[in-house]
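Side-chain atoms are counted along with the backbone in the values below, which use heavy atoms only and exclude waters and symmetry mates. Along the sequence shown, residues are numbered consecutively beginning with 1.
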Amino acid sequence: MSTTPTVLLVHGAFADAGSWSGVIAELQSHGIPVLAPSNPLRGLASDAAYIASVAAQVDGPVVLVGHSYGGALITVAGTAENVVGLVYVAAYVLEEGESLGELQGRFPLSPLVSNLKEWTYPVEGAEPAVEVTIKAEAYPEIFAADVPASVTKVLAAAQRPLAAGAFEETATAAAWRTKPSWALVAAADQAINPEVERFGAKRAGATITELEGASHAVAVSRPKEVAELIRDVVRATS
């Protein structure tokens, strides 16, 4: 078994595992093992169970890194025995029994909330369920204002929807109570109010790094700085 933790990158809503590409390349160039599974985006409990399952099948220790909604998932999945650290990147840091909607509701809403487009998807044996994406015309400014326009057009077309029900599900655990945590706050985030990121990180006792001018898509726009934080965590937990 390796003593260098494997970094498991968990993307959030309106993105896919490809959003970690720059970070993955940086980590791999430093010999750090890394995985970036596709997050189902169907609900907090089921998505967290999936991520916990992936982590549990890794030989050796794991550092879980969650972006955005992925932060809520690592909060629950991080209770897996081999998880040695949690890294929140422009992310929600939930308390046990708290939902995304409740945490967001403590602070002024970001522009994201009024720029969501609703879709439906089939559910076997039940009525169709609602999922949401960011309106294509609003995506660049809200999600990735510091990313070239040619890239954001592609990201907007390829965004993956989140089941609307995920906003109301409550976290069944808060792994940061027993695992060390770190947080990167994107100071110019228009998708999650940066105050939401700061509040959750402080409440969790996380070691906080703040990047001025960083959009929600900080892993795309500033992969070296995101990877540098993750490398520090890998060193601290090795």
Side-chain angles (χ1 to χ4, degrees), residues 8-17 19 36-56 62 64-80 83 86-110 112-134 142-143 159-179 181 183 189 191-193 195-204 206 216:
L8 202 162
L9 302 167
V10 183
H11 70 80
F14 322 125
D16 62 20
S19 60
S38 287
N39 173 359
L41 300 177
R42 295 295 78 165
L44 182 53
S46 61
D47 293 344
Y50 173 71
I51 296 301
S53 172
V54 175
V62 169
L64 281 180
V65 182
H67 173 249
S68 190
Y69 166 69
L73 302 186
I74 70 169
T75 296
V76 178
T79 57
V83 172
L86 308 167
V87 185
Y88 295 92
V89 178
Y92 294 104
V93 188
L94 295 182
E95 172 62 284
E96 186 175 347
E98 183 177 56
S99 70
L100 296 173
E102 286 170 339
L103 175 55
Q104 273 192 162
R106 295 168 181 256
F107 301 91
L109 294 176
S110 73
L112 170 76
V113 179
S114 58
N115 282 284
L116 292 175
K117 177 177 171 62
E118 291 193 354
W119 308 73
T120 60
Y121 64 96
V123 178
E124 191 174 348
E127 290 294 307
V130 175
E131 61 184 11
V132 291
T133 58
I134 302 173
I142 288 172
F143 201 86
Q159 63 177 301
R160 289 185 51 211
L162 174 67
F167 290 102
E168 305 308 321
E169 278 190 69
T170 58
T172 55
W176 48 259
R177 291 196 167 278
T178 56
K179 309 285 174 84
S181 61
D189 201 328
I192 300 177
N193 183 337
E195 287 298 330
V196 173
E197 298 171 23
R198 291 185 193 104
F199 172 81
K202 285 177 184 170
R203 181 174 61 180
H216 193 60

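- Pro161 places none of its side-chain heavy atoms less than 4.5 Å from the side chain of Val132.
- Residues Ala77 and Val83 come closest through the heavy atom pair O-CG2, 4.4 Å.
- Using a 4.5 Å heavy-atom cutoff, the side chains of Phe14 and Leu116 are in contact.
- His11 places a side-chain heavy atom less than 4.5 Å from the side chain of Arg160.
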Applying side-chain contact (heavy atoms from CB on, under 4.5 Å), run through Asn193 and Leu109 and close with a yes or a no. CA-CA 7 Å; Asn193 183 337; Leu109 294 176; over 6 Å; no
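- A cation-pi contact, defined as under 6.0 Å to the ring centre and within 45° of the axis, links Arg42 to Tyr121.
- Looking only at atom types and distance, the side chain of Tyr69 has no donor-acceptor partner in the side chain of Asn39 under 3.5 Å away.
- Val89 places a side-chain heavy atom less than 4.5 Å from the side chain of Val65.
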Could you please spell out the steps behind the side-chain contact (heavy atoms from CB on, under 4.5 Å) verdict for Val130 and Trp119? CA-CA 6 Å; Val130 175; Trp119 308 73; over 6 Å; no
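- Both the sub-6.0 Å distance and the 45° axial angle are not jointly satisfied by Lys179 relative to the ring of Trp176.
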Take Gln104 and Tyr92 through the side chain to side chain donor-acceptor pair (under 3.5 Å) test and state the conclusion after the steps. CA-CA 9 Å; Gln104 273 192 162; Tyr92 294 104; 2.3 Å; yes
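- Side-chain contact between Ile51 and Pro37 is present, with at least one heavy-atom pair separated by less than 4.5 Å.
- Residues Arg198 and Arg203 fail the side-chain proximity criterion, which asks for heavy atoms closer than 4.5 Å.
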Determine, stepwise, if the pair Tyr88 / Ser181 fulfils side-chain contact (heavy atoms from CB on, under 4.5 Å). CA-CA 8 Å; Tyr88 295 92; Ser181 61; 4.1 Å; yes
Chi angles and distances behind the salt bridge (Lys or Arg N to Asp or Glu O under 4.0 Å) call for Lys202, Glu195: CA-CA 10 Å; Lys202 285 177 184 170; Glu195 287 298 330; over 6 Å; no
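- Using a 4.5 Å cut-off on side-chain heavy atoms (C-beta onward), Leu94 and Leu100 make contact.
- With Thr170 contributing its side chain and Gly97 its backbone, the two residues share no donor-acceptor pair below 3.5 Å.
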Between Leu64 and Val87, is the side-chain contact (heavy atoms from CB on, under 4.5 Å) condition met? List the steps. CA-CA 6 Å; Leu64 281 180; Val87 185; over 6 Å; no
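- Under the 4.5 Å side-chain criterion, counting only non-hydrogen atoms from C-beta, Leu112 is not in contact with Ile192.
- Ring centers of Phe107 and Phe199: under 6.0 Å apart, within the cut-off.
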Any chance you could lay out the salt bridge (Lys or Arg N to Asp or Glu O under 4.0 Å) test for Glu131 and Lys117, step after step, and finish with the verdict? CA-CA 8 Å; Glu131 61 184 11; Lys117 177 177 171 62; over 6 Å; no
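- Ring-plane geometry between His67 and His216 is classed as tilted, the angle between the planes lying from 30 to 60 degrees on a 0 to 90 degree scale.
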